[in-house]
S.K.: 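Supplied in structure tokens, the structure appears directly below.
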Amino acid sequence: MQLKEKSAWRDILDFPIGGRQEKPRRTGKTMVIDKGLGLTDFKDLLEVAAPYIDFIKLGFGTSIFYPAAILREKIRLALSRGVDIFPGGTFFEVAVLQGRLSLYLQTARELGYTFIEISDGTIDLSPTLRLAALRQARAAGFGVITEVGKKDPRDALTEARILDQIATDLEAGADYVIVEGRESGQGVVIYDGRGAVKEETLANLVAGISDLDRIIWEAPQKQQQQALIMYLGANVNLGNVQAGDVLALEALRVGLRGDTLRTTLARAEVG
């Protein structure tokens, strides 16, 4: 795959890891978590990195703190650059707790959000209510991303429960399912308390998922991104990427960082 046409390096170098999909793409998605960027930083992010960003999540419940005009402008800017945008799952959970899901969806639609995240990382959400919320969001015109996994390690789900929920959500029409990784990437689902990938857990989940192209693995740390790229390829879907790490992640995906380049060269020697 050649570098982008507008790059100063076009036709000079090929990517050491080939096959990276360009937008619009069904897989190889990058989801950025925005924890409160101002308009200037948000514009700069999109100007530099929009070709490498598929989703922006306004994390947690941060949406509520923006002045309406600024929030609308951030959403407009994202969409103008071909980037889908949605509010965080915790915001959805509070709306459910307060019995205001319909109003939440209506407001999100009026603001211009294109996707809704449905999660129960903190609350208990029955299968019936989860399915109803998914269908309601679909009917309101949103793309739907569900999330599987609990934020508190004390509430951790078994691998069987996780796989069952993923299968149920995909069958019910979720566009993508996020595997919980939190902002920290520590002590949840496929990560141990230090943030290292639990290889056996990852392998078991991968083996049990029918459509990996519709799974987004939250991977806020570089070591996690690298491990998932080397295990699942350049076009693995990755989420909770920090705004300042988008180009660094893209370099990891295509072998333009020493970490993935070294592994790619080693594999070539073995082969």
Side-chain angles (χ1 to χ4, degrees), residues 26-27 29-31 33 54-55 57 59-61 84 86-97 101 115-138 142-193 195 197-221 224-225 227-228 231-232 236-241:
R26 181 172 181 268
T27 188
K29 302 275 190 176
T30 293
M31 180 264 279
I33 182 170
D54 301 275
F55 297 108
K57 173 171 67 176
F60 336 116
D84 284 300
F86 61 96
T90 300
F91 209 32
F92 161 84
E93 293 181 33
V94 172
V96 170
L97 281 175
L101 179 58
F115 273 74
I116 289 294
E117 180 180 344
I118 293 174
S119 71
D120 58 358
T122 303
I123 69 171
D124 291 323
L125 189 64
S126 72
T128 300
L129 287 178
R130 187 182 181 97
L131 178 59
L134 193 159
R135 289 175 173 171
Q136 190 173 345
R138 272 275 182 225
F142 292 103
V144 175
I145 300 176
T146 63
E147 184 175 66
V148 175
K150 293 295 186 179
K151 297 184 183 299
D152 191 324
R154 294 172 297 181
D155 301 325
L157 304 178
T158 65
E159 292 174 9
R161 283 276 306 279
I162 291 171
L163 288 171
D164 181 66
Q165 189 64 70
I166 289 173
T168 298
D169 288 354
L170 292 178
E171 185 177 352
D175 293 280
Y176 292 90
V177 177
I178 295 171
V179 176
E180 175 70 73
R182 302 210 67 184
E183 178 196 358
S184 65
Q186 294 178 332
V188 58
V189 190
I190 65 169
Y191 305 123
D192 66 19
V197 174
K198 296 188 291 185
E199 295 182 1
E200 182 177 355
T201 299
L202 175 60
N204 290 341
L205 292 181
V206 167
I209 296 171
S210 62
D211 190 353
L212 286 170
D213 288 350
R214 292 164 67 192
I215 303 301
I216 299 174
W217 307 88
E218 288 189 337
Q221 298 183 26
Q224 299 163 354
Q225 297 162 4
L228 288 164
Y231 192 77
L232 293 169
V236 59
N237 302 315
L238 298 174
N240 275 12
V241 177

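Since this is a predicted model, take the numbers as computed values, not measurements.
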S.K.: When you look at K57 and D84, which way does the salt bridge (charged side-chain N to carboxylate O under 4.0 Å, His left out) test go after all the steps?
M.R.: CA-CA 9 Å; K57 173 171 67 176; D84 284 300; over 6 Å; no
S.K.: Kindly compute the distance separating CD (E117) from CD1 (I145), expressed to the nearest 0.5 Å.
M.R.: 7.0 Å
S.K.: So if I apply the side-chain contact (heavy atoms from CB on, under 4.5 Å) rule between I118 and each of V144, V177, L101, which one comes out positive?
M.R.: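 Of V144, V177, L101, side-chain contact (heavy atoms from CB on, under 4.5 Å) with I118 is met by V144 alone.
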S.K.: Do NZ/NE/NH1/NH2 and the carboxylate oxygens of D175 and K29 come within less than 4.0 Å?
M.R.: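 Salt bridge flag = no for K29 with D175.
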S.K.: Would you check if L238 and M31 make a side-chain contact, meaning some heavy-atom pair closer than 4.5 Å?
M.R.: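 No; the side chains remain at least 4.5 Å from each other.
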S.K.: Angle class for the F55/Y176 ring planes (parallel below 30°, perpendicular above 60°, tilted otherwise)?
M.R.: perpendicular
S.K.: Quick one: pull up CD1 in I162 and CG in N204 and give me the separation to the nearest 0.5 Å.
M.R.: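 Between I162 CD1 and N204 CG, I get 10.5 Å after rounding to 0.5 Å.
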S.K.: Before accepting this row, confirm whether a basic side-chain N of the pair K150/D152 lies closer than 4.0 Å to the acidic partner's carboxylate O.
M.R.: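 The answer is no: the pair does not qualify as a salt bridge.
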S.K.: Say whether, by atom type as modelled, one donor and one acceptor occur between the side chain of N237 and the main chain of W217 under 3.5 angstrom.
M.R.: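 No; judged by distance alone, with no hydrogens or angles, the pair does not exist.
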S.K.: Can you name the nearest heavy-atom pair linking Q224 to P220, along with the distance?
M.R.: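 What the structure gives for the nearest pair is OE1-CD, 3.2 Å.
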S.K.: Quick one: are L232 and L212 in side-chain contact, heavy atoms under 4.5 Å?
M.R.: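 Yes. Closest side-chain heavy atoms under 4.5 Å.
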S.K.: Rounded to the nearest 0.5 Å, what separates atom CG in L170 from atom CD1 in I209?
M.R.: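 One gets 8.0 Å once the value is rounded to the nearest 0.5 Å.
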S.K.: Q225 side chain to A219 main-chain N or O, any donor-acceptor pair under 3.5 Å?
M.R.: yes
S.K.: Search all heavy atoms of Y191 against all heavy atoms of G185 and return the closest pair with its distance.
M.R.: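 Heavy atoms only, the tightest pair is CB-O, 3.4 Å.
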S.K.: Taking all atoms of both residues into account, what is the closest heavy-atom pair of P153 and G187, and its distance?
M.R.: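 Taking every non-hydrogen atom into account, CG-O, 3.2 Å.
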S.K.: Between V241 and I33, is any pair of side-chain heavy atoms under 4.5 Å apart?
M.R.: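 Result no, sub-4.5 Å side-chain heavy-atom pair not found.
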S.K.: Do I190 and L228 have side-chain heavy atoms sitting under 4.5 Å apart?
M.R.: yes
S.K.: Is K198 salt-bridged to D192, cutoff N-O under 4.0 Å?
M.R.: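 No, this pair does not count.
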S.K.: Would you check if the distance from the ring center of F60 to the ring center of F91 is below 6.0 Å?
M.R.: no
S.K.: Is it true that R214 and D211 have a side-chain N and a carboxylate O under 4.0 angstrom from each other?
M.R.: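 Yes.
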S.K.: Hey, could you give me the CG/OG1 distance between D120 and T90, rounded to the nearest 0.5 Å?
M.R.: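 One gets 11.0 Å once the value is rounded to the nearest 0.5 Å.
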S.K.: Look up atom CZ in R130 and atom OG in S119, then write down how far apart they are to the nearest 0.5 Å.
M.R.: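 Rounded to the nearest 0.5 Å, the CZ-OG separation comes out at 7.5 Å.
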S.K.: Which residue in the set V96, L131, L97 passes side-chain contact (heavy atoms from CB on, under 4.5 Å) when paired with L125?
M.R.: V96
S.K.: Decide, yes or no, whether a salt bridge links E218 with R182 under the criterion of side-chain N to carboxylate O below 4.0 Å.
M.R.: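 Result for this pair is no, no salt bridge flagged.
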S.K.: Between T146 and A174, what is the shortest heavy-atom contact and its length?
M.R.: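 Smallest interatomic distance, heavy atoms only, reads CG2-CB, 4.0 Å.
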S.K.: Nearest 0.5 angstrom please: R26 CZ to D213 CG, how far?
M.R.: 5.0 Å
